[in-house]
Amino acid sequence: MNFDFTPFILSFKLAFIVTLFLLIIGIPYAWYLSVTKSKIKPFLEALTALPIVLPPSVLGFYLLVFLAPDSFIGKIANDLFNIKLVFSFPGLVVASMIYSFPFMIQPIQSGFESINKNIIEASYLGGKGKFITLFKVILPNIKPSLLTAIIITFAHTVGEFGVVLMVGGSIPGKTEVASVAIYDYVENLEYHKAHIYSAILLVISFLVLFSVYYINYKQKRKYDFY
Amino acid sequence: MNFDFTPFILSFKLAFIVTLFLLIIGIPYAWYLSVTKSKIKPFLEALTALPIVLPPSVLGFYLLVFLAPDSFIGKIANDLFNIKLVFSFPGLVVASMIYSFPFMIQPIQSGFESINKNIIEASYLGGKGKFITLFKVILPNIKPSLLTAIIITFAHTVGEFGVVLMVGGSIPGKTEVASVAIYDYVENLEYHKAHIYSAILLVISFLVLFSVYYINYKQKRKYDFY
Amino acid sequence: MIFIDIKKPLKGVKENMLLEAKLNLKKGSFLALFGASGSGKTTLLRIIAGLEKADGKIIVDNEKWLDKKKFLPPQRREIGFMFQDFALFPNMNIMENLLYINNDKNLAEKLLGLSGLNALKNRIPHSLSGGQKQRVALCRALMRKPKLLLLDEPFSALDTKMRENLQNEIMMFHNEFDLTTIMVSHSPEEIYKLADIMVELKNGKIIKKGSPKELLLKTSGSEKFSLRGKIIDIIKADVINIALVSIGSHIVEVVISKEEAKKLKKGLSVVLSTKAFHPNIKVLNEDTFS
Amino acid sequence: MIFIDIKKPLKGVKENMLLEAKLNLKKGSFLALFGASGSGKTTLLRIIAGLEKADGKIIVDNEKWLDKKKFLPPQRREIGFMFQDFALFPNMNIMENLLYINNDKNLAEKLLGLSGLNALKNRIPHSLSGGQKQRVALCRALMRKPKLLLLDEPFSALDTKMRENLQNEIMMFHNEFDLTTIMVSHSPEEIYKLADIMVELKNGKIIKKGSPKELLLKTSGSEKFSLRGKIIDIIKADVINIALVSIGSHIVEVVISKEEAKKLKKGLSVVLSTKAFHPNIKVLNEDTFS
Amino acid sequence: SAANLTYVMPRIIKKFNVIYPDIKINLILSSSGKLTAQILRGAPYDVFLSANMKYPSKLYKSGFCKTKPKVYAKGSISIFSLKRKFTLKNLINANSIAVSKPMTTPYGKAAIESFKNAKIYNKIKNRLVFAQTVPAVISYVKNYADAGIVSTSMVYSKNIKNLGKFYYTKIDSKLYSPINQGAILLSDKKAAKKFYNFLFSKTAKKILKKYGYNVNYE
Ligand SMILES: Nc1ncnc2c1ncn2[C@@H]1O[C@H](COP(=O)(O)OP(=O)(O)OP(=O)(O)O)[C@@H](O)[C@H]1O
Ligand SMILES: Nc1ncnc2c1ncn2[C@@H]1O[C@H](COP(=O)(O)OP(=O)(O)OP(=O)(O)O)[C@@H](O)[C@H]1O
Ligand SMILES: [Mg+2]
Ligand SMILES: [Mg+2]
């Protein structure tokens, strides 16, 4: 039996990029949500959670419609950046980002909401601007929430499938990620292969997750020691 | 056009039950994870996140194998509780619970990890046992995390589709939930119906989420006032 | 009878230090614990409360709280504990904070009244001032009518007037409920006023132990009257020199001779004493400063 | 020159109260703020620091910090602030807490040394005792070498010795860096020692203002010497009666007559005064109690 | 191509590559509905094969095709079981029967039609469980259902042997309307055209027939 590792590489690349981008977008947005006193806050919050309410393939269908080259967004992406948003890796990234958006936002927001406001004030009074305060004081102090957000987003993007299939079209080497490949094997009654691929996916994911948790655990123990 | 509301009712019933059960299981488990100093902690944590790494349909496929009447678990459920775990609503509940498990655990755990330990001690010293302390002191003080966990789990179960499809067998009125129905319309190129069903699902979900967030917002404002 | 004999290794300021305390308290006694910052006072209270484990024994009224084999969890020890950093429940208002511990509305009202917090009972802890929080924490510790009351610097954030009020209340409670009380305090006055036994900790060890009367009233020799103080200023006027000496929270002017003026410097610790001292004693309006 | 004229409605103890403060501080002055718990001291500091909005004006060295149109954010006000509840950064160790504010290792080492915390510099705040945290908070506030230093009860959790050390350090810093300092304090001694101007707040309003010398040294009339105190005990001996009077942190024994013994009761506030008081003044070893 | 072709297509491609060794064919399997939606948004596919004429027709109407949709084979259905042999007659003894969704799969539709025509539909109606795709029917049969209706092509696939011993009965094609397998050409590429034409060649027909398709059309 010969294995093709490309789908796994694609999967983890996708998950990594999506997590990274969402982290970059998610932090300021979650921060805004956590501090705003505006009346539209609950509205935005509810809206943020909506992408997960739709079945992935259906969301994928709508994304397909909205990202297609003849759509408004598709045109802009194409004309301005020369990026095709469907049946391409960038398309997968955009689609997965939309689908996984709530998984990143919500834990971070809840972290921001539980942080002790005094230490933020102390940082401002130390003459530090919002940016430094965010990176040196706020984020390190909501580490459990941040970890949750990153891990849920990452794992979920690896397992993501409906949206990816619809928007990406499972083109081998380009948009055929591991989850799609495994699905195909199950469909093809090639259970043996499906088992092996699933096992590989699980093992790699487990190792990634375990490393993250283990580092976190070690770090905490270090502090506990004092 | 005549609408069938059964899938929606099923969807929300499923989401509600799954969220409730996971909350009941999730709180003690997340608590254990947050306090344990055991070496297996990172191992358990990584394991907890795994269900989301597999594509839902593939997970559904494996769950079908494990929950089938001639499987170990299926037998127990059948013999002891007289419950059929595949092609039945209880089966959907079990399968969705497994899939959504990490979404409930992780935010709650991160909430527990950030809580100020002093107030827990203060409660113990007030003569209150662990149970009362949990419900009266700990949970109310991790409300943002709890809200995140509940909303992600709920929304995700509503949108859940691959697992449900596989384990449930989409029997109308029994296991055909809204997400499956919408999916079918898209498949069948009945886009008009799909749009309407999606819109209904989105609107109901939005209203549910909005109410939750709105109540939360009002409550906070009330406190801010003092 | 409360018998305490515990040991616990701690991270000290310089190196690891061993907290080692052996105490025998009669029921109803009021122990004051003092000592430099970091000497182990809070930790000792936490061990007694069961919030921290330690080696050794704690026996309260013949009930084993700590032992080689036994560890009674904090919720089963009948203790009132006032935390140095208050630890109020942020999700409950002031009244709820008290009632959570013991659903005795009358007692709660009474305690809040005594500490001047009655009007605040519906506010949440977050919106209180430092001293207000401290008073709530004190009330909450009393709500349980505990066997053993543990207070960690209960008056530090309060102005003198409020401090005196609460000291009186504590005293009243201590007597009324026949409590045994252990209080961490940095103020000799407070200790003298409230405690009947005092213990000084240094680097985790008990270095002094005795009644406040013995330890605090050290009118040495034949002198009837002596006060420790610090020179905070020396004012040289035309004919006389005046030293300003701070004594506790007071500043007194003392006329000094030219020779003395040369010897004395700002910042020196001094003792004022006199053999002949027949002061007038005059009752004061409560309204005066402080 | 620091000019402050602000108004802010607050939730008071009884009803809503208006915090209203108008102050004019010369550069380099040391203002002490005192007043009962809940009178608005912390809030006033927070407004000056820009942590809370208010109506009115704040002008520091001709720079507008607050105005109808302008609100300079806290990070742009050159302020050192010591919080009543410390607010140390839990994710950094002690040294990092200081260096985060200002990456001046020498200054940090110096401050830690002065406050006896040098050995703790690699510990995290969570593992410190109350007084240790307070000292770190104080050091951190000084790290910025601020124009304006705001201290909220900086010594409340400290024993007398440590308190004196740090008071001296604050004084030194205040002079060395030519700081303007505003300190909340409940201790008249502290105020007298450190401040050159003091202000009393009551229910949000300034009710007293003046130099500590004027306000604290109230030797009334012709009496050369007077001390306020409280009777904590009356001991009836065979021939004489003795009243124990607590004065600040001291307890003195005063011989009283039989008639006086009848009039006086435990708990009464009294003034001890005498016309003729010629105490010996004797320098003390630093080692004595407290 | 649509999912039901999972089993034949690799065969056909293999044969095709014997003739045209330079043309590499990427087989993308998905449901017809998904593929149609994707093609409508410009998916870079060259040939589309569906188990149903509905989808190709729709594409044709939308102007995405180079040729008219053409039927290249007709599918058939069989009753599949792992326990014992079932026929339409004794199907009422099965406790549960898996079919693919009549709404979205032509095989499911044909199955329901046959049940109705054989007058057993009302008796077994409550014992039907619906799978999203034909392969999912196999999973259902493997794990739970007594019998399932599958495309006959499946029982000829080599992968089905993984399941061990199985039974199947072809359903009389008179009982359901023909399951037309449509093909259309989507691009101008030469290679695509060659493959499209190959589908209608004798070689391809032989393979299709071997997999249970009816190739005697028109
Ligand atoms: N966040 C807040 N929201 C509303 N009211 C507040 C808030 N913080 C304090 N207060 C109220 O404002 C008044 C003044 O509080 P402040 O903290 O300024 O008092 P303080 O003089 O510092 O007292 P203390 O000596 O006890 O610290 C108090 O009655 C308090 O309850
Ligand atoms: N959680 C902890 N882990 C390790 N060491 C600690 C911990 N808490 C306190 N310590 C250390 O133990 C010693 C005693 O601390 P403790 O809190 O008992 O002091 P304290 O006498 O209450 O001082 P203070 O008057 O400043 O509150 C200190 O040196 C402190 O740094
Ligand atoms: Mg302490
Ligand atoms: Mg204050």
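Lettering of chains follows the sequences in order, A, B, ..., and the numbering in each one begins at 1.
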Whether D:R144 side chain and A:L125 backbone form a donor-acceptor pair below 3.5 Å: yes
Quick one: does D:N91's side chain have a donor or acceptor within less than 3.5 Å of a partner on A:L139's backbone? no
Above 12 or not: heavy atoms from other molecules or residues under 6.0 Å from [atom1] of [X]?
| X | atom1 | value |
| --- | --- | --- |
| D:F71 | CZ | yes |
| D:K22 | NZ | no |
| A:Y214 | OH | no |
| D:K147 | NZ | yes |
| A:K84 | NZ | yes |
| A:F43 | CZ | no |
| A:N82 | CG | no |
| D:F177 | CZ | yes |

Which answer fits A:I132, side chain, backbone, both or neither, if we ask what part of it has an atom under 4.5 Å from a heavy atom of chain D? both
If one checks every heavy atom of A:K117 against chain D at 4.5 Å, the contacting part turns out to be neither
Side chains of D:F89 and A:K136: closer than 4.5 Å at any heavy-atom pair? no
Does any heavy atom of chain A fall under 4.5 Å from the side chain of D:L88, the backbone, both, or neither of them? backbone
Is it the side chain or the backbone of D:F86 that comes within 4.5 Å of chain A heavy atoms, both, or neither? neither
If you measure from CG on D:N97 to CD1 on A:I119, what distance do you get to the nearest 0.5 Å? 9.5 Å
If I take atom CZ from residue D:F83 and atom CD from residue A:E121, how far apart are they, to the nearest 0.5 angstrom? 5.0 Å
On a heavy-atom basis, which atom in D:Q75 and which in A:K128 lie closest, and how many Å separate them? CB-O, 3.3 Å
Of all the heavy-atom pairs spanning D:I101 and A:A122, show the shortest one and how long it is. CD1-O, 4.4 Å
